Protein chains: 2
Amino acid sequence: MLQAGADIDRSETLTERQQAVLDAALRLLVEEGDNLTMTAVARRASCSKETLYKWFGDRDGLLTATVQWQASKVRVAAVDRDRLDLVSLTASLERFASDWLKVISSDTSIALNRVAVGHAGSGKDDLGAVVLQNGRFALARRLKPVLEAGRQAGLLDFEDAETAFRTFFGLVGRDVQIRLLLGDRVELTEATIGGDARRATQQFLALFGATNRP
Amino acid sequence: MLQAGADIDRSETLTERQQAVLDAALRLLVEEGDNLTMTAVARRASCSKETLYKWFGDRDGLLTATVQWQASKVRVAAVDRDRLDLVSLTASLERFASDWLKVISSDTSIALNRVAVGHAGSGKDDLGAVVLQNGRFALARRLKPVLEAGRQAGLLDFEDAETAFRTFFGLVGRDVQIRLLLGDRVELTEATIGGDARRATQQFLALFGATNRP
DNA sequence: ACCGAACCGTAACGTACGGTACGCCTCTGC
DNA sequence: GCAGAGGCGTACCGTACGTTACGGTTCGGT
């Protein structure tokens, strides 16, 4: 974990206009990647560059604000842990897998991860930390309770929730994210995502299902 | 797959001096990331910028040449498929997993993947394709024969070698690569790598071992 | 009606860097 | 010994872009 508090909700402190500007910046980031220019953002958002600098400090500030803004938009509801049987657990896992695949294959996620990876080398900002917090670690925070509940209910068997989660993460994501980030055209239709989610869930249950480990 | 022939061995056409220059560029790429400058490369390599441009065309040419040069250095020997029993298969898989984890956690691999991901957005060059070819796809090419041999020997049971490979890939890599690329400090000692390789191999065998599927 | 703040549009500045030109050195072949 | 090629070092050019400055406009408060 890089930096605590990287996922604070900034949507309170942002006015409507500022959110609109960040939306424009986000759209431009998806189109242009890291070589978006301040002038382009200003033009797209119909605001002046001076305003951009007054609001966000400098280019890096604008970028991190944009990433955090997008992150604050995808807050997802947790799952209820009541009445947990094998079918509901399976459904939850499949849901997580499917949602996750949809996220990482979306244009905005790819664009955001690209710029964050690009910036991770030169430690000017902490885009990487922000993306990690709202990506991989947020998923873990939301999935671990489900895993723990599954263990409590005697459906799952694992020592450490962290390693179990990481295995699930690997089974779901496999090579998809790195291939997408590197520009490979991975065909991810609704159907294939559903199939992959089911397959990953079944594999995970085969590895960590309580019945399979006496 | 992006572009065929992206992994041709250019080490033949490169003179000693050029290789030294590319090594310098590679070292600088690891240190500076994508914001290395042509002047810096020239200074580090003790050569003139004019030479850089004569040899490699432009900045993108230098970058792709550097990536291909590094790729050509990590050509690994394949495994012999004779006398294949469960222990030798297990050893092979563990070896692949361990090697792969060592590669993706190395400084140079992280740096190379970072610039390739960064460039993948704006389609100026095909760094992403090169990295994919010599990374994920090269691994598949080397591992698939082993998997096929395992199936032939009745040790493994799978429909498609590709999906089997991708599962193995996911079990080994999990969240390691994306976390490293995003700047997370993942502790990967020799010991943990060995443990992860063993765990991934056992999980893979649990999923695709012929004995477990009647 | 007036004032000031916020903001837009645009022009201007400074710099960093990709790319090129040129003078000088070194080394190899004749 | 010499000519020419290859290469080093450096100065130079053009441009793109981050950042700043400024005049004009809208708008809420008094």
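Everything quoted here is computed from the prediction, not taken from an experiment. Just so it is clear: chains get the letters A, B, ... in the order the sequence lines come, proteins before strands, and each one is counted from 1.
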Whole-Å distance separating the [atom1] atom of [X] from the [atom2] atom of [N]:
{"X": "A:Leu63", "N": "D:dT19", "atom1": "CG", "atom2": "P", "answer": "11 Å"}
{"X": "A:Lys54", "N": "D:dT20", "atom1": "NZ", "atom2": "P", "answer": "13 Å"}
{"X": "B:Leu52", "N": "D:dC8", "atom1": "CG", "atom2": "P", "answer": "9 Å"}
{"X": "B:Gln18", "N": "D:dC8", "atom1": "CD", "atom2": "P", "answer": "11 Å"}
{"X": "A:Phe56", "N": "C:dC7", "atom1": "CZ", "atom2": "P", "answer": "11 Å"}

Short side-chain N/O contact from [X] to OP1 or OP2 of [N], under 4.0 Å:
{"X": "B:Arg17", "N": "C:dC27", "value": "no"}
{"X": "B:Thr51", "N": "D:dC8", "value": "yes"}
{"X": "B:Trp55", "N": "D:dG7", "value": "yes"}

> Of the options B:Leu22, B:Leu63, B:Leu36, which is the one that meets B:Val41 in a side-chain contact (heavy atoms from CB on, under 4.5 Å)?
Replying inline: B:Leu36
> Which residues satisfy the side-chain contact (heavy atoms from CB on, under 4.5 Å) test with B:Leu181, sequence neighbours excluded?
Replying inline: A:Val117, A:Ile178, B:Ile110, B:Asn113, B:Arg114, B:Gln177
> How does protein contact run along nucleotides 15-21 of chain C, one letter per nucleotide 5' to 3', with B for base contact, S for sugar-phosphate only, - for none, heavy atoms under 4.0 Å?
Replying inline: ---BBBB
>> Pairing donors with acceptors under 3.5 angstrom, does anything connect the side chains of A:Arg198 and A:Gln203?
In response: no
> For residues B:Asp126 and B:His119, is any side-chain donor paired with an opposing acceptor at under 3.5 Å?
Replying inline: no
> Sub-3.5 Å donor-acceptor pair from the side chain of B:Ser92 to the main-chain atoms of B:Ser88, do we have one?
Replying inline: yes
> Is the NZ atom of B:Lys144 crowded by more than 12 outside heavy atoms at less than 6.0 Å?
Replying inline: yes
